[in-house]
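Here is the structure we will look at, set down as structure tokens.
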Amino acid sequence: MIIKRTLIGAAAVASASALMFTGVAQAAPVVNMVPTADYLVCGNVSTGGSAWTETGAPTGTAVQGAQVTGYLSSGGLTKTTTTDANGGYCIEGDASLVSGITGGGYVTLTVTDLSGTLNPVTGLPYTSTLGFNPWKGGPILKSTQIKTTTFLQHKVSGLDSANEFHFKVS
């Protein structure tokens, strides 16, 4: 009889443990994507957290699998990449990146596809971005294009790259 009670008790504990650890996966916090080479424009896609700010570390929960597209006006270079588990992305440009932007060109970044992403809390797909390109091009000239002032504000010391171009999605 004692063995039977012990087995029933063990089964109950195992069932309760199984229920506690099932369900929707927990979301990862967003980790700031930092370029490690020249000609990269990097940032993060996240949800939740504090309100969007023009520079600084991202907040909220990482969105993995979002597609981000970058367009460099000088040379017409367009590239797309997918965010990693930390919500990070880097669009790789070429040697014309910095001279193109500082010479009057611009970069446009957009989240082009959220269909492959699921909110780990709700299990539903993300549906929209809060502004497809939130960088305003400096305090006076508002634009959806990343021009000289904004690029230099985000430039990584020692590299011809920039980061902290973050998107919030819902």
Side-chain angles (χ1 to χ4, degrees), residues 27-120 125-170:
V30 64
V31 177
N32 197 23
M33 182 62 114
V34 179
T36 57
D38 287 331
Y39 318 129
L40 298 173
V41 177
C42 303
N44 292 82
V45 178
S46 64
T47 186
S50 62
W52 177 88
T53 58
E54 188 161 352
T55 60
T59 61
T61 303
V63 175
Q64 180 178 4
Q67 286 186 355
V68 180
T69 298
Y71 170 75
L72 177 60
S73 68
S74 62
L77 182 65
T78 300
K79 293 203 174 178
T80 299
T81 191
T82 303
T83 57
D84 64 15
N86 297 316
Y89 72 88
C90 282
I91 301 285
E92 185 177 1
D94 60 20
S96 70
L97 178 67
V98 176
S99 61
I101 294 171
T102 58
Y106 60 89
V107 169
T108 301
L109 296 173
T110 54
V111 175
T112 52
D113 186 8
L114 289 168
S115 63
T117 62
L118 291 180
N119 182 323
Y126 292 105
T127 55
S128 66
T129 60
L130 304 176
F132 286 109
N133 191 339
W135 303 283
K136 56 186 179 179
I140 298 170
L141 301 173
K142 296 184 185 232
S143 172
T144 59
Q145 300 165 345
I146 299 167
K147 296 182 179 180
T148 303
T149 304
T150 303
F151 183 83
L152 293 176
Q153 183 181 11
H154 289 255
K155 189 173 180 304
V156 176
S157 179
L159 292 174
D160 282 340
S161 293
N163 73 330
E164 297 180 347
F165 293 106
H166 308 306
F167 290 94
K168 290 281 188 187
V169 299
S170 59

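Just so you know, these numbers use all the heavy atoms, side chains as well, and skip hydrogens, waters and symmetry mates.
- Side chains of Phe165 and Thr150 form a contact here, defined as non-hydrogen atoms less than 4.5 Å apart.
- Of the residues listed (Val41, Ile91, Val156), the one engaging Pro35 in a side-chain contact (heavy atoms from CB on, under 4.5 Å) is Val156, and it is the only one.
- Distance check: Thr108 OG1 to Ile146 CD1 gives 7.0 Å after rounding to the nearest 0.5 Å.
- Nearest heavy-atom pair, Lys79 versus Glu92, reported as atom, atom and distance to 0.1 Å: CD-O, 3.0 Å.
- Nearest heavy atom pair, residue Ala62 against residue Gly87, reads CB-N, 3.5 Å.
- Taking 4.5 Å as the limit, every side-chain heavy atom of Thr83 sits out of range of all side-chain heavy atoms of Asn44.
- Inter-residue side-chain proximity for Leu97 and Asp38 is flagged as unmet; no heavy-atom pair is nearer than 4.5 Å.
- Contact detail for Leu77 and Gly93: the closest heavy-atom pair is CD2-CA, 3.9 Å.
- Residues Pro58 and Asn32 share a closest heavy-atom pair of CD-OD1, 3.5 Å.
- Note that CG of Leu159 and OG1 of Thr36 are 7.5 Å apart. Values are rounded to the nearest 0.5 Å.
- Contact check for Tyr71 versus Thr110: no side-chain heavy atoms found under the 4.5 Å cut-off.
- Using a 4.5 Å heavy-atom cutoff, the side chains of Asp160 and Lys155 are in contact.
- Side-chain atoms of Ser73 never come within 3.5 Å of backbone atoms of Gly105 as a donor-acceptor pair (strictly under, hydrogens ignored).
- Looking at every heavy atom in both residues, Ala37 comes nearest to Ser161 through O-OG, 2.6 Å.
- Atom-to-atom distance recorded for His154:NE2 and Asn163:CG is 8.5 Å, nearest 0.5 angstrom.
- At a threshold of 4.5 Å between non-hydrogen side-chain atoms, the residues Ile101 and Leu152 do not count as touching.
- A donor-acceptor contact shorter than 3.5 Å is absent between the side chain of Thr81 and the backbone of Tyr89.
- Two residues are said to be in side-chain contact when any heavy atoms from C-beta on lie closer than 4.5 Å; Asn86 and Met33 fail this criterion.
- Formation of a donor-acceptor pair under 3.5 Å by the Thr47 side chain with backbone atoms of Thr61 is not found in this model.
- Side chains of His166 and Thr59 form no contact here, defined as non-hydrogen atoms less than 4.5 Å apart.
- Residues Phe151 and Ala162 share a closest heavy-atom pair of CE1-CB, 3.5 Å.
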